[in-house]
There are 2 protein chains.
Amino acid sequence: MARARIVDPEEGPRSKRGAILVAAVERFGEDGYENTKWSEVADRVGIGQTALYHYFESKAHCLLTIMRLELQRSHDQFVEATKDETEPVEELRAAVRTAFAVTEQEIRQMRILQANMSLLATPRKSKREETERVAARQLVQMVERDWTNLLMRGMSKGAYPVRDAHTLGLAVLGMIVSVWRWYRPSGAIPLSEISEMIEGCVVRMVAE
Amino acid sequence: MARARIVDPEEGPRSKRGAILVAAVERFGEDGYENTKWSEVADRVGIGQTALYHYFESKAHCLLTIMRLELQRSHDQFVEATKDETEPVEELRAAVRTAFAVTEQEIRQMRILQANMSLLATPRKSKREETERVAARQLVQMVERDWTNLLMRGMSKGAYPVRDAHTLGLAVLGMIVSVWRWYRPSGAIPLSEISEMIEGCVVRMVAE
DNA sequence: AAGCAACCTGAGTTCAGTTCAGTTTGACTG
DNA sequence: CAGTCAAACTGAACTGAACTCAGGTTGCTT
């Protein structure tokens, strides 16, 4: 599986870019982006604050990079999980299940993505930030299209009743990602149970 | 209908508290909280920046107040819309429909609420901010309980299949509020159509 | 061992949010 | 209708976290 990893093997051996991203995911994911001091990330990596600017133009640039990587991962995983399925309802189930087949680090990344989604709406002043923002926006649209296309395939095969596939796709996606706002690994309900519950909901929503 | 209004009639006639909240809802709703300068709100109201601190302890205190008022309104409207319904599926439909029976100002408030929900997770340093935060948190739980109770009533009456009402409630609520992340009044799809689509989805999710 | 690019730093700057130390306004009282 | 008081307001100063600058260090390459 060619996942977009936080640690990029293209980096020089001395580079702390991956370590910064990992630390930032942990801090932004646990305490929130605004609640986390940029210097805390530096402390955790073991470098001075200003060294961060060797890798990222700004705190926001780091955040946008995390968001873009997570979106890339989500998209890749969707494609991977649905590419072999031909039966529409099974394809739908596989897509939901893969959305919840995530590590704890990926859960944090999802949480960061969801909590800061509105950042993608307005242009950024600096060039590198804007590049990441636009890339992330396009990936959002790509993920939305992944779902819309899956739904349209099922509808044209007669497996699901015909409805507005775009709006339905947004509703399905909205329900799935809303889980990352409240789910915590320490919570009472295991993720597997949530996944099954949502899978059932999505199938009823789409296929009945 | 005893809605929680932004303009509190308890205020003195010279008070600009309501005007500040209205201006803040507009700016925070259009450009986002972080993107809006606190002084811009003062400009819009026609007072100096420091005068804001006569009404709110901080920018965050104003935001938390907006969020609390919106949650209060959502809860009140839910109760109002469902109190006369006895037939479970009709009650469910009424609850969804009322969630989308909102003015443009209320749409902005929903957007602000959704975009800054994570603010409610961590304690605030100052007293008045913390009071608003705790009140808002309790209202979140109250809205979640509104949905959970509605679902449990329907299940015990045999109108819906028995499922984990809490998780199902969060899924339904998550899908509904996710609309405010992307919906814009200027968009291609009218809100009435979205409302009908979601209503159908919720009924299939819950009652089938 | 020289060169050089990647990597790093302490000191200083910026700017939005906030505090301070009062001043103005206007309703009400005697 | 002068005096009082709380609500409403203000300009100037302060704060802290993000960021810039002007270099210094490290270690790989030739």
Side-chain angles (χ1 to χ4, degrees), chain A residues 7-24 27-28 30-66 112 116 119 122 124-130 132-133, chain B residues 7-24 27-28 30-66 112 116 119 122 124-130 132-133:
Chain A
V7 181
D8 189 340
E10 301 277 304
E11 293 291 314
R14 281 199 288 161
S15 173
K16 298 214 174 68
R17 190 169 181 274
I20 292 168
L21 284 168
V22 168
R27 304 297 291 105
F28 295 171
E30 295 306 321
D31 289 6
Y33 172 72
E34 297 296 341
N35 240 335
T36 304
K37 283 177 206 146
W38 198 205
S39 61
E40 284 174 41
V41 176
D43 288 351
R44 178 156 300 212
V45 177
I47 56 177
Q49 318 181 28
T50 50
L52 293 169
Y53 294 90
H54 183 68
Y55 300 99
F56 297 100
E57 204 166 49
S58 63
K59 191 186 173 192
H61 181 222
C62 177
L63 174 62
L64 286 163
T65 302
I66 291 169
I112 293 166
N116 301 285
L119 201 74
T122 50
R124 305 258 92 207
K125 278 162 192 168
S126 88
K127 196 139 194 184
R128 290 168 74 196
E129 281 182 31
E130 181 62 7
E132 288 289 7
R133 187 189 73 90
Chain B
V7 180
D8 189 339
E10 301 277 305
E11 292 292 314
R14 282 200 284 162
S15 173
K16 297 215 175 67
R17 190 169 182 274
I20 292 168
L21 284 168
V22 168
R27 304 296 293 106
F28 295 172
E30 295 306 321
D31 289 6
Y33 173 72
E34 295 297 342
N35 241 335
T36 303
K37 284 178 205 144
W38 198 205
S39 61
E40 284 174 40
V41 176
D43 289 349
R44 177 157 301 211
V45 177
I47 56 178
Q49 320 179 29
T50 51
L52 293 169
Y53 293 88
H54 182 68
Y55 301 99
F56 297 100
E57 204 166 47
S58 63
K59 191 187 174 191
H61 180 222
C62 177
L63 173 63
L64 286 163
T65 303
I66 291 169
I112 293 166
N116 299 284
L119 200 73
T122 50
R124 305 258 91 208
K125 279 162 193 168
S126 87
K127 196 140 193 186
R128 292 167 73 196
E129 279 181 34
E130 181 62 7
E132 288 289 7
R133 187 189 74 91

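Here is how names work: the chains are called A, B, and so on, in the same order as the sequence lines, proteins then strands, and each is numbered from 1. Quantities reported herein were computed from a predicted structural model and do not represent experimental measurements.
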Check Glu130(A) with Arg133(A), please: is the shortest side-chain N to carboxylate O separation under 4.0 Å? yes
Of all of residues 53-64 of chain B, which get a heavy atom below 4.0 angstrom from DNA chain D, listed by number? His54(B), Tyr55(B)
Base, backbone or nothing for each nucleotide of nucleotides 21-30 of chain D, written B, S, -, heavy atoms under 4.0 angstrom, 5' to 3'? -----B----
Rounded to whole Å, please give me the gap between CG in Leu52(B) and P in dA8(D). 13 Å
Drop me the distance from Leu21(A)'s CG to Phe28(A)'s CZ, to the nearest 0.5 angstrom. 9.5 Å
Output the distance between atom CD (Glu129(A)) and atom SG (Cys62(A)), rounded to the nearest 0.5 Å. 10.5 Å
What verdict does the side-chain contact (heavy atoms from CB on, under 4.5 Å) test give for Asp31(B) and Thr122(A), after you've listed the backbone C-alpha separation in whole Å, the side-chain angles of each residue and the deciding distance to 0.1 Å? CA-CA 8 Å; Asp31(B) 289 6; Thr122(A) 50; 5.8 Å; no
Sequence neighbours excluded, the answer for side-chain contact (heavy atoms from CB on, under 4.5 Å) partners of Ala42(B) is Ile47(B), Leu52(B)
Who are the side chain to side chain donor-acceptor pair (under 3.5 Å) partners of Glu57(A), not counting sequence neighbours? Ser126(A)
Side chains of Asp43(B) and Arg27(B) in contact at under 4.5 Å (non-hydrogen atoms): no
Heavy-atom side-chain proximity of Leu63(B) to Lys59(B) below 4.5 angstrom: no
Using a heavy-atom distance cut-off of less than 4.0 Å, which residues of residues 30-48 of chain A contact DNA chain C? Ile47(A), Gly48(A)
In this structure, CZ of Arg17(A) is separated from CD1 of Ile20(A) (nearest 0.5 Å) by 9.0 Å
Heavy atoms of chain A, cut-off under 4.0 Å: which first and last nucleotide of DNA chain C, 5' to 3', fall inside that, if you could look? dA6(C) to dA11(C)
Got a second to check how far Leu119(A)'s CG is from Glu132(A)'s CD, nearest 0.5 Å? 11.5 Å
Between the CD1 atom in Ile66(B) and the OH atom in Tyr33(B), the distance rounded to the nearest 0.5 Å is 9.5 Å
State the CD-CD distance between Glu34(B) and Glu34(A), to the nearest 0.5 angstrom. 3.5 Å
